[in-house]
Amino acid sequence: MTAAPLTTRAAYVERLGAAAEIRYGDLAIAGPGPTDVLVAVDATVVNPVDTFVRSGRYPTPVPLPFVVGRDLVGTVVAAGPGAPGFAAGDRVWCNSLGHGGRQGAAAERAVVPVDRLYRLPDGVPAELAVAVVHPTATAYLALFTHGRLRPGETVVVAGAAGNVGGALVVLASTAGARVIATAAAADEAYCRSLGATEVLDYRDERWPERIRALCPDGVDLYLDTYGRNDLGNAVELLAHRGRVVLLAGLRTRPVLPAGSLYTRDGAVIGFVISRASTAELGAAARTINQLLAAGRLRPRGTEILSLPEAAEAHRRVEAGNLRGTRLVLTPGL
């Protein structure tokens, strides 16, 4: 394999901005190098973070023209000499393209660095896998890398019915934690089916009191997927050496009750998956593949669109009315 230019049909932008900037057509991009794998894309998906990168709200090096999107499931076309373990025909996935100077995934063919590519377990549909790998990797990093979750601890998942929230519930319960979820009342059965022990209606203003009653010694880990970042309540609910992990809310400016935090030996931690190391992403991928093979990961809902509909998909994600439905783009439609 050489680094000769590669031409592929793709959804791309020539400048950062609104979803209307996305174009679809033939595009020449840098070809694969010796440690890259060329992948024929079967499916990609639109994440909120993809809209942040495309609009410039999340600053990151972007080669222009820029193929949007970070996640793909596909089939190996060819692997470079420095990409051992992959061969033509292998089914694979990646969830870390489209930022840090890398071209994105919304194309018929994509170049993937070997240390960001993982095999897909047998029998897992591409549309299912691509819809869950990003939220589940985010949840894994929140719980274990940054939240330092241990078996037997108590976890509060604020926003448990969403894609990341649901993955948090599955991973935490599978790891032996007690999970208390907050969600809409209509989502109680769904959250319990994922492994939540208790489900509280977030619209009930008494939810902090109910958590205190359920956990008189406090909670060990509090995760906010809503993006409201209510540190006032979160910190006051913590046990000794409890942790709050923030993984949403780009524009929030919460008030921190510092005294309650330091007298608990507590911590407030924020992270974005885009800054995760390849080793951290690889650890998440191993767990994701185990859960995919066991049938434990499923999106709340999916809608299949064609790759030329990428601009419309970005608009719909930004509108925020999807209620957990993942917009999957397939080149074949």
Side-chain angles (χ1 to χ4, degrees), residues 135-162 164-183 187-188 191-192 194-250 252-273 275-277 279-280 283-284 287 291:
T136 308
T138 301
Y140 178 94
L141 294 168
L143 286 168
F144 303 110
T145 305
H146 299 282
R148 307 187 304 280
L149 177 66
R150 295 182 291 273
E153 290 192 321
T154 297
V155 177
V156 171
V157 178
V164 174
L168 286 166
V169 175
V170 170
L171 287 169
S173 60
T174 300
R178 176 194 183 193
V179 181
I180 299 173
T182 72
D187 291 321
E188 178 175 355
C191 293
R192 289 188 183 277
L194 299 177
T197 304
E198 304 286 346
V199 183
L200 307 180
D201 186 349
Y202 75 91
R203 295 186 180 93
D204 185 346
E205 294 181 356
R206 299 169 298 170
W207 67 263
E209 299 171 27
R210 295 188 62 190
I211 292 178
R212 290 189 189 94
L214 291 167
C215 310
D217 295 325
V219 303
D220 301 293
L221 185 57
Y222 183 105
L223 302 115
D224 187 334
T225 72
Y226 281 129
R228 295 174 181 172
N229 296 334
D230 180 4
L231 295 183
N233 278 314
V235 169
E236 297 293 348
L237 291 171
L238 292 182
H240 177 241
R241 294 192 176 173
R243 292 87 65 198
V244 177
V245 178
L246 308 178
L247 46 149
L250 194 62
T252 61
R253 295 292 184 270
V255 175
L256 174 69
S260 294
L261 183 69
Y262 73 71
T263 55
R264 285 172 165 79
D265 289 352
V268 176
I269 305 152
F271 89 99
V272 290
I273 190 173
R275 294 189 181 276
S277 69
E280 290 168 342
T287 294
L291 293 172

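All values below come from the heavy atoms of this structure, side chains included, with hydrogens, waters and symmetry mates left out.
Here the side chain of Arg243 pairs a donor or acceptor atom with the backbone of Gly147 at under 3.5 angstrom. With Asp224 contributing its side chain and Ala158 its backbone, the two residues share no donor-acceptor pair below 3.5 Å. Remark: the backbone N or O of Leu246 is not paired with any side-chain donor or acceptor of Asn229 at under 3.5 angstrom.
Between Val179 and Ala172, the closest heavy-atom pair is CG2-CB, 3.7 Å. Nearest heavy-atom pair across Leu194 and Gly166 is CD1-CA, 3.5 Å. Across Cys191 and Val169, no two heavy atoms sit closer than the pair O-CG1, 4.0 Å. In this structure, Leu261 and Ala267 approach most closely via the heavy-atom pair CD1-N, 3.5 Å. Counting all heavy atoms, side chain and backbone alike, Ala142 lies closest to Val245 at O-CG2, 3.9 Å. The shortest heavy-atom contact between Thr138 and Phe271 is O-CZ, 3.4 Å.
A salt bridge does not link Arg148 to Glu153: none of the charged side-chain nitrogens sits closer than 4.0 Å to a carboxylate oxygen. The residues Glu209 and Arg212 are annotated as not salt-bridged, no charged nitrogen and carboxylate oxygen being separated by less than 4.0 angstrom.
Evaluated for a side-chain contact (heavy atoms from CB on, under 4.5 Å) with Glu198, the options Ile180, Thr182, Ile211 yield exactly one hit, Ile180.
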Next item on the list: Please lay out, stage by stage, how Leu221 and Leu143 fare under the test side-chain contact (heavy atoms from CB on, under 4.5 Å).
Entry: CA-CA 8 Å; Leu221 185 57; Leu143 286 168; 3.9 Å; yes
Next item on the list: Evaluate side-chain contact (heavy atoms from CB on, under 4.5 Å) for Cys215 paired with Arg178, printing each intermediate quantity in order.
Entry: CA-CA 10 Å; Cys215 310; Arg178 176 194 183 193; 3.7 Å; yes
Margin query: Evaluate Arg228 against Asp230 for salt bridge (charged side-chain N to carboxylate O under 4.0 Å, His left out), listing each step before the verdict.
Written below: CA-CA 6 Å; Arg228 295 174 181 172; Asp230 180 4; over 6 Å; no
Next item on the list: Go through Ser260 and Glu236 one step at a time and tell me if the side chain to side chain donor-acceptor pair (under 3.5 Å) criterion holds.
Entry: CA-CA 7 Å; Ser260 294; Glu236 297 293 348; 2.7 Å; yes
Note to self: Quick one, Val156 with Leu223, criterion side-chain contact (heavy atoms from CB on, under 4.5 Å). Give me CA distance, side-chain angles, the key distance, then yes/no.
What the structure shows: CA-CA 6 Å; Val156 171; Leu223 302 115; over 6 Å; no
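The CG atom of Leu141 sits 8.5 Å away from atom OG of Ser277, with the distance rounded to the nearest 0.5 Å. Note that OG1 of Thr145 and CD of Glu280 are 5.0 Å apart. Values are rounded to the nearest 0.5 Å. Note that the OG1 atom of Thr263 and the CG atom of Leu238 stand 10.0 Å from one another [nearest 0.5 Å].
In this structure, the side chains of Pro257 and Leu231 come closer than 4.5 Å at one or more pairs of heavy atoms. At a threshold of 4.5 Å between non-hydrogen side-chain atoms, the residues Val155 and Asp220 do not count as touching. Between Leu171 and Thr287, some side-chain heavy-atom pair lies under the 4.5 Å cut-off.
Counting only residues at least two apart or on different chains, the ring pair (Phe, Tyr, Trp, His ring centres under 6.0 Å) pairs with a member in residues 194-232 are Tyr202-Tyr226.
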